[in-house]
Protein chains: 2
Amino acid sequence: MQVSRGMGEGALDDGRRAAVLSLVERTRRGGRASDQVFEQLLEAIRGLRLLPGQPLSETELARDLGVSRTPVREAIARLTDAGLVDVVPQVGTTVAKIRLAEVEEARFVRESLEIAAIKVAMPLAAADVAGLRRLIEDQRHALDAGDLDGLFELDEALHGRIFALSGHPGVWATVRRTKVHLDRMRRLVLPDRALISEVIAEHASIVDALESGDAIGGEDLVRAHARRVSALTPELTRRFPDHFA
Amino acid sequence: MQVSRGMGEGALDDGRRAAVLSLVERTRRGGRASDQVFEQLLEAIRGLRLLPGQPLSETELARDLGVSRTPVREAIARLTDAGLVDVVPQVGTTVAKIRLAEVEEARFVRESLEIAAIKVAMPLAAADVAGLRRLIEDQRHALDAGDLDGLFELDEALHGRIFALSGHPGVWATVRRTKVHLDRMRRLVLPDRALISEVIAEHASIVDALESGDAIGGEDLVRAHARRVSALTPELTRRFPDHFA
DNA sequence: CGCGGGATACTTGTATGCAAGTATCCCGCG
DNA sequence: CGCGGGATACTTGCATACAAGTATCCCGCG
């Protein structure tokens, strides 16, 4: 029943799909099953453990996760709103392919909001420059250790803290929502150590600009940083054609 | 079973609540019941036909709308994600009160993105200045006719078209999502004719700036326009204390 | 051998029934 | 009259059964 895909890495056959999702200890950890299914699927899609275009059967998901279809359906409804899942009634549900239009849109949103945030944060950033530098150090360590997941989260943490410094911590949630499509592309380039090293260097430059109060330089740096992934679009669409719509 | 609320206007007793929502001709118009319930509730909340803090019973909604609880639940799950509904398990569901933190966040997002958009749209806007001016004329007519709903939609249309001109039409969807909280405050001030007249005048000024290519002026105008509602916050919280968290 | 049609096995959408939990109301008691 | 406790009626969460529709596969026919 699996659609044929060109790529091998990460593609799981039916029998092993349960491995990518697990709702063990559901009762112990409390909370609604619906929410946990949502979180599981969201992270699996963001982390490319569920690949773009991969079919998702409600029945199968429910069976693998040990719940009924009801909470699965509610989670899928929310993921559909987020643009991460495509549902065709009476036909099937698939993980949404990466749509370049949405990626570009997310780039615009992220770039605009982060520039606006850094302008506001500029005079206040000195207070936490130490914390920001520590995050960058952690990123270097994660890169050396090959901890891709950790790198990803540390990247998130850095940008999130910049929004917090700007006095608009809630805006980060909005950025996160729109950024999901960008994230999947970032995942694709994550194994490129040289590139990631450059990205971390850019982080350091941004923090330098924050510390020295260089507003113009900071804006340019953030802009370049946000557009880095866009520059890689041609290569990525060539290497992973099946991932894109 | 209704929670006691201080306000009288717009508050409906159980028997008449069916009036604010209707799913008539559901089968004829096609589409999923879940989606239609979502749309109905979204518009009812945005339009303050369902008031902040008002309890929503899944069973009651299902009965009034002529569907089962299942599609109602899926719609509510999506609305919860949007921050428009608060669900407390085993206790009840309510229309979310207006949270000033989210309003301020939405203001920041809207202002930042609209400034970024107008900068990009500046050189391209001349092409559709006529269309923009027509929208403003329609707004004046709607104000004269007292058509509040129409005014609201025309306002949306104007800002949406600016995003379209910027080459990032999809960003408008993001703005719309975060803007919902702002919208409810806008609804509260909508009956103020003098104020609305000023708002329309600001629209005209923005279009003027677009036509003349006045980037700096355009940015300042958009900023002032976005912050107009914020200035009214104290008065609104005083006049409608029950609407705010 | 190629093609068309029908049974079949899947998909999602909806309705309903049951379970668990909480707030309320009322009655009895002090 | 005030207060406490228990039955009750509500709430949402989840599981299951049924309905409607579509793609596929296979068999029969030309």
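All values reported here derive from a predicted model rather than from experimental measurement. Only this structure's heavy atoms are used, side chains among them; waters, hydrogens and symmetry mates stay out. In what follows, chains carry the letters A, B, and so on, assigned in the order in which the sequence lines appear, proteins first and then strands, with residues in each chain numbered from 1.
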For C:dA15, which nucleotide in any strand shown is its Watson-Crick or wobble partner with both distances under 3.5 Å? D:dT16
Under 3.5 Å for both donor-acceptor distances, Watson-Crick or wobble: does C:dG4 have a partner, and if so which one? D:dC27
Residues forming a side chain to side chain donor-acceptor pair (under 3.5 Å) with A:R186, sequence neighbours excluded: A:D155, A:E156, A:D183
Value in whole Å for how far the [atom2] atom of [N] lies from [atom1] of [X]:
X: A:E60; N: C:dC10; atom1: CD; atom2: P; result: 11 Å
X: A:L56; N: C:dC10; atom1: CG; atom2: P; result: 18 Å
X: B:E74; N: C:dT12; atom1: CD; atom2: P; result: 12 Å
X: A:R63; N: C:dC10; atom1: CZ; atom2: C1'; result: 14 Å
X: A:D35; N: D:dT12; atom1: CG; atom2: C1'; result: 13 Å
X: A:L65; N: D:dG13; atom1: CG; atom2: P; result: 18 Å
X: A:R73; N: C:dT11; atom1: CZ; atom2: P; result: 13 Å
X: A:R32; N: D:dC14; atom1: CZ; atom2: P; result: 8 Å

Distance-only, no hydrogens or angles: does the [X] side chain make a donor-acceptor pair with backbone N or O of [Y] under 3.5 Å?
X: A:E235; Y: A:L232; value: no
X: A:K97; Y: A:D242; value: yes
X: B:Q139; Y: B:L154; value: yes
X: A:T237; Y: A:P234; value: yes

Reading DNA chain C from 5' onward, which residue's closest nucleotide shows up sooner: A:T59 or B:S68? A:T59
Could you tell me whether B:R134 atom CZ has more than 12 heavy atoms of other residues or ligands within 6.0 Å of it? no
Residue B:S57, side-chain heavy atoms: nucleotide from C:dT14, D:dT11, C:dG13 that is nearest: D:dT11
In a check of side chain to side chain contact (heavy atoms under 4.5 Å, CB included) between B:L79 and each of B:V180, B:V87, B:V85, which one passes? B:V85
Side-chain N or O of B:T93 less than 4.0 angstrom from OP1 or OP2 on D:dT12? yes
Could you run through nucleotides 18-25 of chain D and give me one letter per nucleotide, 5' to 3': B if any protein heavy atom sits under 4.0 Å from the base, S if only the sugar-phosphate is that close, - if neither? --BSS---
